[in-house]
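A short worksheet on the structure shown next.
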Amino acid sequence: MARKFSAQLKDSFGFFMQWVRTKADVIALVLIAVVITLPSIAPLSSGNKVNLKDDFFYYAGMHEGVRKAVLEYHTFPTRSFWIGGGFPTLGNPEDPSLNPLTVITVIFGSVMGLKIITFLALLVGGLSTYLLARHILGYTRWGALFSGFVFGLSLFVPIRIYDGNPNEIYVVFLPLCLLLIGLACHGRRIAVFVLAFIFYIMLSDGKLTALTAFLYIGILCLLDLIPAWNIFGSGNLKKINIKPLKVFLIALTITFFIGMPRILPPLEIIETLGGLGSNFLWYKPDTYSPSGVVTLHTLWQNLIGYQNVLNILTIGLLPVLMAFSVFFIFPGKALPWAMTIFLFTWLALAYNAPVDLLKLVWHLPVLKEITKPYKYFTFPLVFSFAIVAGQFFWLLAKARPKWLHHALAVVLIFLSVWFLYPRFDAIQKNTYTYDIPPEFLVRQNEFYNIQGKGLSRFRAEPLNSVIYTNIIRNVGTIDAVTNYGEKAVPKYFVDANGTLIPNSGYRGEAHFTDTGNTARTVFRPNSIMVQVNQSKPDTLVINQNFDKDWHSDHGKIFNKDGLIALRLDKAGAYQITLRYFPRSFFLGLTISILSLMILVFICWSYRTERLLKWSRGAPLPIRWMPRFILWLIS
């Protein structure tokens, strides 16, 4: 009886201790969430105030186009008649149409939705850094809390948002990706599918930052092959551990096949512009000429926030000094992270490094598009320094008496938050400050296009010439950032003062070559309806860029000076419907559905142990397949 009571008491005590540990983790997570939320109140409570930056109007316009298509036209957009004289938006690598988080902008509005997405991303960054450090890397609770605060309050995302780039917030998903890899390596197989989903979100809207993040994660997984490092704590210190690399590659593969509807349309456009090896972003130079490159001295000043500098790299002197001390105190644990710091610093320095590593790899696909190495290669430095600095608390854990350890930890965390929080808060308060005058948001009765006269494609003013406000007004912007060889004719030119200048060459959004025939158009995201009234055979010209994926229920579509044209022989009054059917998207959708079915089948056969039976009893020529799948899953 006494033994039974003792066992029950022991079990209860163990449960209580586990509950205390869980409660402490919850407290730590709440602290991080509160510290990130407080400065985020300013943008979240700013209503429809916007960031008066050209990039912001561009990205907000892309989201607004999706929102109008869904709510007003009740369709999923595969193109946009508001952008570039008719542009296949799914082919834009930065298009948010297939990003799951776009649901937020559809529900809450483009401007408010982008603010909410940013806030959620910041939370994910800080909270997942804590969980990664605490439960995968094995940090002390104070060390994990320190890393969570430093990365969660780092200035990269707030400054990129201030500069008008909400599509670059997905860098803060980096610790979440590593956390999921760690969980998968510890037997949580569902984490692989969640990781693939996160990869897809990053890829669908993150552009070059996502690819840089994948490079960083891949390097860490490769470094984990060295048994002594055991970064994710899932291997034997005497054997090579391929689990992290395997999880990473499996998740990328799932992302690739399931995400085909997002991947194939941009590849099609890139192919028409010269392929992956070419310079497919039109505004990038054709020669190696990186911009915004800094020296090592400037990089150091930006990193520590010298003389109150606000920079995407800034985390403060304290975390940097703690990280450098860890390199000497715990070299075995810190060395993999030190190697990533060394590599990405080398890439960021470009021609200011003793050997220009970026130039050596510049001709590789995608890397050729990175003309601002400081922007794309410094956020891994921020994360690595934040993670390594957390290891310093292993040293503090040895302090005696015990209260001294806690006191020193609180002081270090306070000093770091004290440095970052005011900067983090100030940037957020100064980001969304402009109210668009109501007259620039009034919907026009009929659709038409405008084009800037003597204006840069990258512009935030005048307001009647930018994509975001024009989409709200149901006005097209021909000279958009896309530059897809626009041939559509504007009804008005807009000068720097916002004056509308009529275009004498404009003949309407649809016209016949014979003025005796008339046409009226109704534009939708994926279709065009034309009501014609013709007395004799004629050619109908529609003022939208020609694309081979257009189909019509009357006449044959052909390219006339870059515009959509049809030869119509039928006289009388009738309606013509043109539908846009992007073959690359639907091919990608087919591949995605088939891939999903195969994935479900593999999961089902594994759970029912049929896969194991097939690996033993299947015919010899195909037996390798279930064995290979089992090896991947194990």
Side-chain angles (χ1 to χ4, degrees), residues 33 36-37 39-77 80 82-83 89-90 92-125 157-173 176 197-198 200-207 209-210 262 427-436 438 440-441 443 460 463 466-474 480-481 525:
I36 292 174
T37 299
S40 299
I41 291 175
L44 290 174
S45 61
S46 61
N48 285 321
K49 288 186 177 181
V50 300
N51 182 359
L52 197 60
K53 299 288 197 313
D54 52 0
D55 279 343
F56 173 80
F57 280 131
Y58 165 56
Y59 292 116
M62 298 289 284
H63 280 269
E64 187 63 26
V66 178
R67 187 170 187 268
K68 282 179 73 73
V70 172
L71 298 182
E72 189 172 320
Y73 295 94
H74 310 295
T75 187
F76 172 78
S80 173
W82 297 293
I83 297 177
T89 47
L90 287 181
N92 183 353
E94 299 171 319
D95 177 63
S97 299
L98 287 166
N99 185 343
L101 297 184
T102 301
V103 172
I104 296 175
T105 57
V106 171
I107 295 173
F108 294 97
S110 300
V111 173
M112 180 55 68
L114 288 173
K115 297 172 184 177
I116 294 172
I117 292 171
T118 300
F119 168 62
L120 294 177
L122 289 168
L123 282 180
V124 167
V157 168
I159 289 179
R160 296 310 298 145
I161 295 297
Y162 178 81
D163 291 337
N165 292 271
N167 66 323
E168 293 181 4
I169 64 172
Y170 300 107
V171 298
V172 293
F173 286 3
L176 177 60
F197 179 71
I198 298 300
Y200 174 76
I201 291 177
M202 296 171 69
L203 189 62
S204 67
D205 209 23
K207 203 181 55 169
T209 51
R262 184 68 190 92
I427 296 168
Q428 298 243 59
K429 285 180 178 176
N430 289 298
T431 298
Y432 296 101
T433 58
Y434 184 76
D435 274 312
I436 298 177
F440 291 103
L441 303 174
R443 181 184 174 87
L463 288 174
V466 300
I467 294 175
Y468 173 65
T469 52
N470 279 347
I471 289 179
I472 292 176
R473 296 167 58 229
N474 194 37
V481 177

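Side chains are part of it too, since the values below use all heavy atoms of this structure and drop only hydrogens, waters and symmetry mates.
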With K68 as partner, the option from I471, V106, I472 fulfilling side-chain contact (heavy atoms from CB on, under 4.5 Å) is I471
Check your understanding: Checking T105 side chain against L101 main chain: does a donor-acceptor pair fall under 3.5 Å?
Key -> no
**Request:** Please confirm whether the backbone N or O of E94 pairs with a side-chain atom of N92, one donor and one acceptor, at under 3.5 Å?
**Result:** yes
Report task. Mark yes or no for whether R262, through its side chain, and P93, through its backbone, hold a donor-acceptor pair below 3.5 Å. Result -> yes
Interatomic distance, CG@L122 vs CD1@I117, rounded to 0.5 Å, equals 12.0 Å
Aromatic ring pairing Y468/F57, orientation class (parallel under 30°, perpendicular over 60°, tilted between)
parallel
ask   = Any donor and acceptor pair, going by atom type alone, linking the side chain of S80 with main-chain N or O of T89 inside 3.5 Å?
value = no
CE (M62) and CG (N99) are apart, to the nearest 0.5 Å, by 11.5 Å
With a cut-off of 3.5 Å and sequence neighbours excluded, list every side-chain donor-acceptor pair involving residues 47-54.
{"unit_1": "N51", "atom_1": "ND2", "unit_2": "I161", "atom_2": "O", "d": "2.9"}
{"unit_1": "N51", "atom_1": "ND2", "unit_2": "Y162", "atom_2": "O", "d": "3.0"}
{"unit_1": "K53", "atom_1": "NZ", "unit_2": "Y162", "atom_2": "O", "d": "3.3"}

Interatomic distance, CG@L114 vs OH@Y59, rounded to 0.5 Å, equals 11.0 Å
Taken to the nearest 0.5 Å, the spacing of I159 CD1 from N165 CG works out to 12.0 Å
Q) Is atom CZ of F197 surrounded by more than 12 heavy atoms (other residues, nucleotides or ligands) closer than 6.0 Å? A) no
Under 3.5 Å donor-acceptor, T469 side chain and L463 backbone | yes
